[in-house]
Amino acid sequence: MGGKQVGFVFAALVVLGIAALIFRFISAEPEKILISGVATLSEETLDKIVIRNNEFETEIEKIDGDWRVGPYPVQRRRFEDMWATTQMFDEAELIAQNPENHPLMGVSPENGTLVEFWNEGDLIEEFFVGDQQFAPIGERIITPWQNFVRLCYLRDPEQDDVYGIFCDFPDRFLPDPRFWKHPLITEIPRDEVESISFRYPEEDFSLRIENSVWVVSQDGAEVGQADSEKMLELLQAVEYLVTSDFPTDDELNRLNFDLADITMFIQVRTGAISRSARLLLLERDEGGYFVKRQGQDYAFIIDDQVAPFILKRIADLLPPPPQSDAEASTSSP
């Protein structure tokens, strides 16, 4: 697309944004036009939300009182931000009525995000939501959410009217399911960890804290004291281990963690708030590992950048042996 076309699109967006600001100012008068008839949209009144565009689809469903994306718990912070936005839907003010503006506002079938709200099998509400920072159509650069306007747009798919609500941030309704799945593999404070054990095909060993010192043991015998800096690195990784990505549904169905390549068991001390965790790992052909916490029915991926922080060997944890006088003199310049 040529520079003139890009300039035209941006100019149109700026004009639309300014018009929206003017409308918001004018709408402070009694004659402002608000959306009507919107049902109450909350965690208490709904049991499913479907978010889709032309590329992705996410279904978030309440199961036994817990909200899930497939088998994964929902990421609560992002979920609560979404609900904070839906609570403002019944305050939305009329912004535009011309369907030619729909693509610019991110509420067209070509570049909009369709959000459906369900309860007990009934579709309660559905809207195209224009909350995207980028919603291109082909080579056209479209930015419905803009920092100087901070509006999200709503349109009933059967209507031309577009309404606006204040949005402090964009992308409250992302259709990609990866953004909604809870990403934490482990969250165990380092001061709650009592021991860590590893089982590799060719090596088993454990780490246990004794008198404030971490000790490495193998086959019931003490091997030596672990290097304090290397232990700190391991404990920091366990304290907040975040997935690098998620397996696809097909991968998740094919994985057999009964044949885990590596097992890592993190045991917490008595009285700890956190729970002990047994991690089962399978090597990926593409690099990194599939990781499953025993007792859960979903898995994660850690890549080759993350894996070395948690997958330690005995040689990684013991301090280097002291140099002899001969070695020291040989290595010195």
Side-chain angles (χ1 to χ4, degrees), residues 39-87 89 113-129 131-132 169-188 238-258 260 266 273-282 284 288-303 306:
T40 302
L41 305 175
S42 69
E43 292 193 56
E44 292 72 30
T45 61
L46 301 168
D47 59 19
K48 185 171 70 172
I49 299 97
V50 180
I51 308 170
R52 67 166 67 93
N53 64 8
N54 291 329
E55 186 177 4
F56 298 107
E57 178 173 328
T58 293
E59 185 173 306
I60 309 171
E61 191 169 7
K62 187 191 290 185
I63 301 173
D64 296 328
D66 295 323
W67 289 90
R68 293 185 170 271
V69 184
Y72 294 86
V74 75
Q75 186 178 161
R76 284 303 309 182
R77 178 173 293 182
R78 186 179 294 279
F79 200 49
E80 288 165 3
D81 287 342
M82 184 203 74
W83 287 121
T85 303
T86 63
Q87 288 175 7
F89 279 14
T113 300
L114 183 64
V115 185
E116 300 174 349
F117 301 93
W118 294 79
N119 188 54
E120 296 183 353
D122 294 326
L123 179 62
I124 305 302
E125 295 283 4
E126 64 175 339
F127 293 100
F128 278 114
V129 178
D131 68 335
Q132 315 91 324
F169 298 96
D171 300 320
R172 293 303 196 199
F173 297 90
L174 286 165
D176 189 339
R178 291 175 298 180
F179 290 97
W180 297 98
K181 296 174 181 177
H182 188 63
L184 278 177
I185 303 172
T186 60
E187 187 178 14
I188 304 176
V238 166
E239 189 166 37
Y240 199 75
L241 181 59
V242 179
T243 186
S244 306
D245 202 350
F246 296 93
T248 65
D249 291 341
D250 287 342
E251 286 174 328
L252 199 57
N253 290 332
R254 288 189 286 104
L255 295 174
N256 183 1
F257 286 95
D258 291 336
I266 307 153
I273 297 175
S274 306
R275 297 175 60 187
S276 299
R278 188 181 304 275
L279 303 183
L280 309 173
L281 296 96
L282 290 167
R284 299 175 70 230
Y289 295 85
F290 295 109
V291 185
K292 179 177 184 281
R293 187 164 172 167
Q294 191 174 53
Q296 296 177 339
D297 54 358
Y298 50 92
F300 305 91
I301 292 173
I302 56 172
D303 60 27
V306 173

Measure the shortest side-chain to side-chain distance between [X] and [Y] over non-hydrogen atoms and say whether it is less than 4.5 angstrom.
X      : Y      : answer
Leu46  : Trp83  : yes
Lys48  : Asn119 : no
Tyr298 : Arg68  : yes
Leu252 : Pro71  : yes
Glu57  : Pro175 : no
Val242 : Leu184 : yes
Phe300 : Phe246 : yes
Asp81  : Phe169 : no

Positive for side-chain contact (heavy atoms from CB on, under 4.5 Å) with Thr86, one of Val115, Leu41, Thr40
Leu41
Flag yes if more than 12 heavy atoms outside [X] fall under 6.0 Å of its [atom1] atom; otherwise flag no.
X      : atom1 : answer
Asp303 : CG    : yes
Ile63  : CD1   : yes
Phe56  : CZ    : yes
Arg76  : CZ    : yes

Find the distance between [atom1] ([X]) and [atom2] ([Y]) and round it off to the nearest 0.5 Å.
X      : Y      : atom1 : atom2 : answer
Asp176 : Lys181 : CG    : NZ    : 8.5 Å
Thr243 : His182 : OG1   : NE2   : 11.0 Å
Phe127 : Phe89  : CZ    : CZ    : 6.5 Å

According to the interplanar angle, ranging from 0 to 90°, do the rings of Phe173 and Phe117 count as parallel (below 30°), tilted (30 to 60°) or perpendicular (above 60°)?
perpendicular
Test Arg284 against Phe290 for side-chain contact (heavy atoms from CB on, under 4.5 Å), laying out the working first.
CA-CA 7 Å; Arg284 299 175 70 230; Phe290 295 109; 3.4 Å; yes
Check whether any side-chain N or O of Asp122 sits under 3.5 Å from a backbone N or O of Ile124 as a donor-acceptor pair, and report yes or no.
no
So, does Gln294 use its side chain to make a donor-acceptor pair with the main chain of Leu280 at under 3.5 Å?
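Between the backbone of Leu280 and the side chain of Gln294 there is no qualifying donor-acceptor contact (under 3.5 Å).
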Considering all heavy atoms, the nearest [X]-[Y] contact:
X      : Y      : value
Thr113 : Gln132 : OG1-NE2, 3.4 Å
Lys292 : Asp297 : CE-CA, 4.3 Å
Leu279 : Leu241 : CD1-CD2, 4.3 Å
Ile185 : Arg293 : O-NH1, 3.4 Å
Thr58  : Leu174 : OG1-O, 4.4 Å
Ile301 : Pro247 : CD1-N, 3.8 Å

Would you please test Glu116 and Glu126 for side-chain contact (heavy atoms from CB on, under 4.5 Å) and show each step?
CA-CA 4 Å; Glu116 300 174 349; Glu126 64 175 339; 3.9 Å; yes
As a quick check of understanding, evaluate side-chain contact (heavy atoms from CB on, under 4.5 Å) for Ile49 and Trp180, giving each step before the final call.
CA-CA 12 Å; Ile49 299 97; Trp180 297 98; over 6 Å; no
Can you tell whether the side chains of Lys62 and Glu43 come within less than 4.0 Å, N to carboxylate O?
no
Apply side-chain contact (heavy atoms from CB on, under 4.5 Å) to Asp131 and Thr85, showing your working.
CA-CA 10 Å; Asp131 68 335; Thr85 303; over 6 Å; no
